[in-house]
Number of protein chains: 2
Amino acid sequence: MNKDKVILYHAISVLNEDFSASVEKIANAAQVNKRTLYRYYKDRDTLISACYANMLDTWYEAMLAAYNGDAHPIKQLEQMLYAAIDCGVKYLFLSAVESKDGNNDIHRTEKFIAYEKARDKWFGIIPELQEKNVIDRQLSGPWIRLLFVNTVRTSVQALKAGDVAQNDLKRLAWLCFSRSIGITG
Amino acid sequence: MNKDKVILYHAISVLNEDFSASVEKIANAAQVNKRTLYRYYKDRDTLISACYANMLDTWYEAMLAAYNGDAHPIKQLEQMLYAAIDCGVKYLFLSAVESKDGNNDIHRTEKFIAYEKARDKWFGIIPELQEKNVIDRQLSGPWIRLLFVNTVRTSVQALKAGDVAQNDLKRLAWLCFSRSIGITG
DNA sequence: AAAAAATGTCACATATTAATGACATAATAC
DNA sequence: GTATTATGTCATTAATATGTGACATTTTTT
């Protein structure tokens with residue numbers, strides 16, 4: 001992996017946990033000198049914008065593949081969960097940004113608006129499945145989406161803490177998520 | 001509520017989302033002048049210590065009441081979830097601190113060690129219920145605890161976003177959590 | 001209404017972080 | 001091995017954040 005991507009990855013990871021973390025903290029996490037970081041990214045804002053762009057691209061690509069990879073809605077949802085887990089911290093940070101005030105700069109970018117549109121389309125699976133009584137109808141759409149995000153969070157945290165083996169991770173995540181929304185498989 | 005508690009509440013809320021947030025940002029959230037904040041809390045560290053202490057106390061009291069309020073383990077677990085939801089952001093921040101490196105100052109305090117001990121005792125319910133095949137045995141203890149925390153997170157986020165009515169909140173949280181760990185009630 | 005207490009405004013010293021230039025050192029290519 | 005390129009070290013300036021004193025304004029008490 002190129003150094004700019006290494007820095008980007010660690011920037012996303014650090015900023016996800018502590019958005020006002022110093023550039024030095026990010027540099028340390030990426031194991032490069034602060035001066036080197038500034039050679040790849042002009043300033044703090046540039047780095048943050050690059051984080052946003054990268055998160056959006058990564059997530060979009062992964063979700064698109066998941067959505068298009070199967071015609072059966074339950075399988076699509078399952079693959080979307082796996083895709084989000086693969087995106088890991090990038091997806092979590094993105095969904096955190098999403099829930100913040102719209103006064104932010106990123107909320108007005110074309111890419112972000114496209115992201116929101118795609119997301120709404122993909123998560124349209126949920127009400128579809130509720131109409132067919134596959135997913136519990138007493139749960140609201142926003143609630144299920146929060147469950148989805150936080151299932152991913154559980155997975156990322158478990159992986160980081162070493163609580164669960166890589167192989168079991170996605171299976172457990174889907175098992176718990178699907179059961180929680182009333183899918184009996 | 002006394003002004004010191006108002007400031008404390010908002011400090012916990014702001015720091016939970018952005019740990020390196022400035023004192024000014026906390027003061028703004030609490031709708032007091034920065035100068036006033038410094039009259040209640042000598043400096044940033046004092047404020048942060050007060051946050052930790054308050055989170056621990058709030059959580060401890062709520063969980064103790066939940067645990068002692070019922071003799072039946074499933075009911076105890078349910079009440080513990082409700083207690084954690086009532087603690088809201090305080091509980092989330094606390095569990096975030098918990099998962100950080102032990103190099104932190106707070107990890108060595110007496111209160112925190114007592115907290116860990118109590119927590120382990122209370123969450124001992126989980127393996128008990130697994131032995132009785134009430135909770136799915138293929139799920140590990142740490143995984144279930146992460147699910148617990150993130151169910152609380154889902155509840156807090158839903159409440160903040162106004163997605164779910166106050167009245168339904170705890171019922172939905174328990175419904176989803178209990179189903180996800182294989183409790184069929 | 002007068003006194004007392006709490007809060008806000010503003011200027012200011014200090015500390016921390018952001019960002020850059022000049023140069024030394026390490027890594028890589030040829 | 002030498003030239004080239006990438007990275008690290010260190011000093012320095014600019015910008016923000018921390019924390020305090022002096023005093024004005026507001027709120028509460030009596």
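Reminder, nothing fancy here: chain letters follow the sequence lines and each chain counts from 1. As a basis for the values below, the full set of heavy atoms in this structure was taken, side chains included, without hydrogen atoms, waters or symmetry mates. Computed from a prediction, not measured in an experiment: that's the story for all the values here.
In this structure, B:Asp43 atom CG and C:dT16 atom C1' are separated by 15 Å, rounded to whole Å. We find that CD of A:Glu24 is positioned 8 Å from P of C:dT17, with the value rounded to whole Å. Distance, B:Asp4 CG to C:dT7 C1': 15 Å, rounded to whole Å. In this entry the distance linking CG of A:Leu15 with P of C:dA18 reads 11 Å, nearest Å. Computed from coordinates, the B:Asn28 CG to C:dT9 P distance equals 11 Å when rounded to whole Å. For the pair B:Tyr38 OH and C:dC12 P, the interatomic distance rounds to 19 Å; values are reported in whole Å. If you measure from atom CG of B:Asn2 to atom P of C:dT7, you get 10 Å, rounded to the nearest angstrom.
Between A:Asp120 and A:Arg145, at least one side-chain N (NZ, or NE/NH1/NH2) sits under 4.0 Å from a carboxylate O, which counts as a salt bridge. For the pair B:Arg44 and B:Glu24, the salt-bridge criterion is not met [side-chain N within less than 4.0 Å of a carboxylate O].
Side-chain atoms of B:Asn150 and A:Gln157 include a donor-acceptor pair closer than 3.5 Å. A:Asn16 and A:Ser13 are not linked by any side-chain donor-acceptor pair at a separation below 3.5 angstrom, with hydrogens and angles left out of the test.
Both B:Phe123 and B:Ile181 sit in one connected hydrophobic cluster of ILVMFWY residues. Membership requires side-chain heavy atoms under 4.5 Å apart, directly or through other members.
Within the cation-pi definition used here (under 6.0 Å to the ring centroid, within 45° of the axis), A:Arg119 qualifies as a partner of A:Tyr115.
A 4.0 Å heavy-atom criterion places the boundary nucleotides of DNA chain D facing chain A at D:dT7 to D:dT9, written 5' to 3'.
Counting non-hydrogen atoms under 4.0 angstrom, A:Lys34 reaches a base of the nucleic acid. Across all strands shown, B:Tyr40 has heavy atoms under 4.0 Å from sugar-phosphate atoms exclusively, and none from any base. Across all strands shown, A:Asn33 has heavy atoms under 4.0 Å from base atoms, whether or not it also approaches the sugar-phosphate. Residue contacts for A:Arg44: at a heavy-atom cut-off of 4.0 Å it reaches the sugar-phosphate backbone alone, with no base atom in range.
Across C:dC23, C:dT7, C:dC10, the shortest atom-to-atom separation from the side chain of A:Arg39 is found for C:dC23.
Between B:Thr36 and the phosphate of C:dG8, there is a side-chain N or O to OP1/OP2 separation shorter than 4.0 Å.
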Could you list the donor-acceptor pairs under 3.5 angstrom formed by side chains in residues 163-172 of chain B, with sequence neighbours left out?
unit_1, atom_1, unit_2, atom_2, d
B:Lys170, NZ, B:Asp86, OD1, 2.8
B:Lys170, NZ, B:Asp86, OD2, 3.0
B:Arg171, NH1, A:Gln138, OE1, 2.8

